[in-house]
Amino acid sequence: MKIYLAYKYKQIKDKPTHEKTLLAIADKITVLNNKVFLLGRDVQKWGSVELTHTGLLSTIMKNIKKSDTLFAYINSNVFSFGLAFEFVWATIFGKKIIVAVEDGVKAPLFSALAAKKISFKDSKDLIEKLPEFL
């Protein structure tokens, strides 16, 4: 299965820890015999590659379209326009949506579109739960 891993990024203060968490999630998804697209890793090289606004939107849409599932990692209460955009396109393309929401974080309204929801206490807990949901 091809999985598009969606996440908040700009509003996250501790980006190095966030990136390590995203890589650990992607690694676990890969170990479960899936392919993972991670925008920050695969295209933006964690901020070292700048895309135009149009290029970014096009890249997101193209990779959601190629994926079977949108997996959203939500660990912040700050609204993310990027996540909302990804949810809209996943819905338009008829993709399965899985949402993982950290305990204490309010799931965004658009997460109601998800086929499956995972509640987790920390990244280790989420990684342990992934086999149940993928």
Are Val31 and Leu5 connected into the same hydrophobic cluster when the rule is that any two of I, L, V, M, F, W, Y join if their side-chain heavy atoms are below 4.5 Å apart?
no

Scan residues 102-127 for pairs that pass ring-ring contact (aromatic ring centres under 6.0 Å, His included), counting only residues two or more places apart or in two chains.
Tyr73-Phe120, Phe87-Phe110

Is there a continuous path of hydrophobic side-chain contacts, each under 4.5 Å between heavy atoms, that joins Leu134 to Leu22?
yes

Would you mind writing out the side-chain donor-acceptor pairs for residues 58-66 within the sub-3.5 Å range, not counting sequence neighbours?
from: Thr59; atom 1: OG1; to: Gly55; atom 2: O; distance (Å): 2.8
from: Asn63; atom 1: ND2; to: Thr59; atom 2: O; distance (Å): 2.8

Rounded to the nearest 0.5 Å, what's the gap from CG on Leu57 to CG on Leu51? Could you check?
10.0 Å

Who passes side chain to side chain contact (heavy atoms under 4.5 Å, CB included) against Ile127, sequence neighbours left out?
Ala24, Ile25, Lys28

Do Asn75 side-chain atoms and Glu102 backbone N/O form a donor-acceptor pair below 3.5 Å?
no

Drop me the distance from Leu130's CG to Leu126's CG, to the nearest 0.5 angstrom.
4.5 Å

Okay, side chain of Asp68, backbone of Met1: is any donor-acceptor separation there less than 3.5 Å?
no

What donor-acceptor contacts under 3.5 angstrom involve side-chain atoms of residues 38-49, with partners at least two apart or in another chain?
from: Arg41; atom 1: NH2; to: Val36; atom 2: O; distance (Å): 3.0
from: Asp42; atom 1: OD2; to: Leu38; atom 2: N; distance (Å): 2.8
from: Lys45; atom 1: NZ; to: Asp42; atom 2: O; distance (Å): 3.3
from: Ser48; atom 1: OG; to: Lys45; atom 2: O; distance (Å): 3.0

Measure the CD1-NZ distance between Ile29 and Lys2 for me, rounded to the nearest 0.5 Å.
15.5 Å

Sequence neighbours excluded, every pair satisfying ring-ring contact (aromatic ring centres under 6.0 Å, His included) that has a member inside residues 19-43
Tyr4-Phe37

When the side chains of residues 112-119 are checked against the rest of the protein, which donor-acceptor pairs come out under 3.5 Å, sequence neighbours left out?
from: Lys116; atom 1: NZ; to: Phe133; atom 2: O; distance (Å): 3.2
from: Ser119; atom 1: OG; to: Asp103; atom 2: OD1; distance (Å): 2.5

In residues 76-85, what donor-acceptor pairs under 3.5 Å come from side-chain atoms, sequence neighbours left out?
from: Ser76; atom 1: OG; to: Val78; atom 2: N; distance (Å): 3.1
from: Asn77; atom 1: OD1; to: Lys106; atom 2: N; distance (Å): 2.6
from: Ser80; atom 1: OG; to: Gly82; atom 2: N; distance (Å): 3.4
from: Ser80; atom 1: OG; to: Leu83; atom 2: N; distance (Å): 3.1

For Tyr9, give me all partners under ring-ring contact (aromatic ring centres under 6.0 Å, His included), at least two apart in sequence or on another chain.
none

Using the side chain to side chain donor-acceptor pair (under 3.5 Å) rule, collect all pairs that involve residues 120-134, keeping only residues at least two apart or in two chains.
Asp125-Lys129

With sequence neighbours excluded, what pairs up with Tyr7 under the ring-ring contact (aromatic ring centres under 6.0 Å, His included) test?
none

Any pair with a residue in residues 3-19 that passes salt bridge (charged side-chain N to carboxylate O under 4.0 Å, His left out), sequence neighbours left out, goes on the list, sorted by first then second residue, please.
none

Which value, rounded to the nearest 0.5 Å, describes the distance between Glu86 atom CD and Ser67 atom OG?
10.5 Å

List the residues meeting ring-ring contact (aromatic ring centres under 6.0 Å, His included) with Phe71, not counting sequence neighbours, and say none if there are none.
none

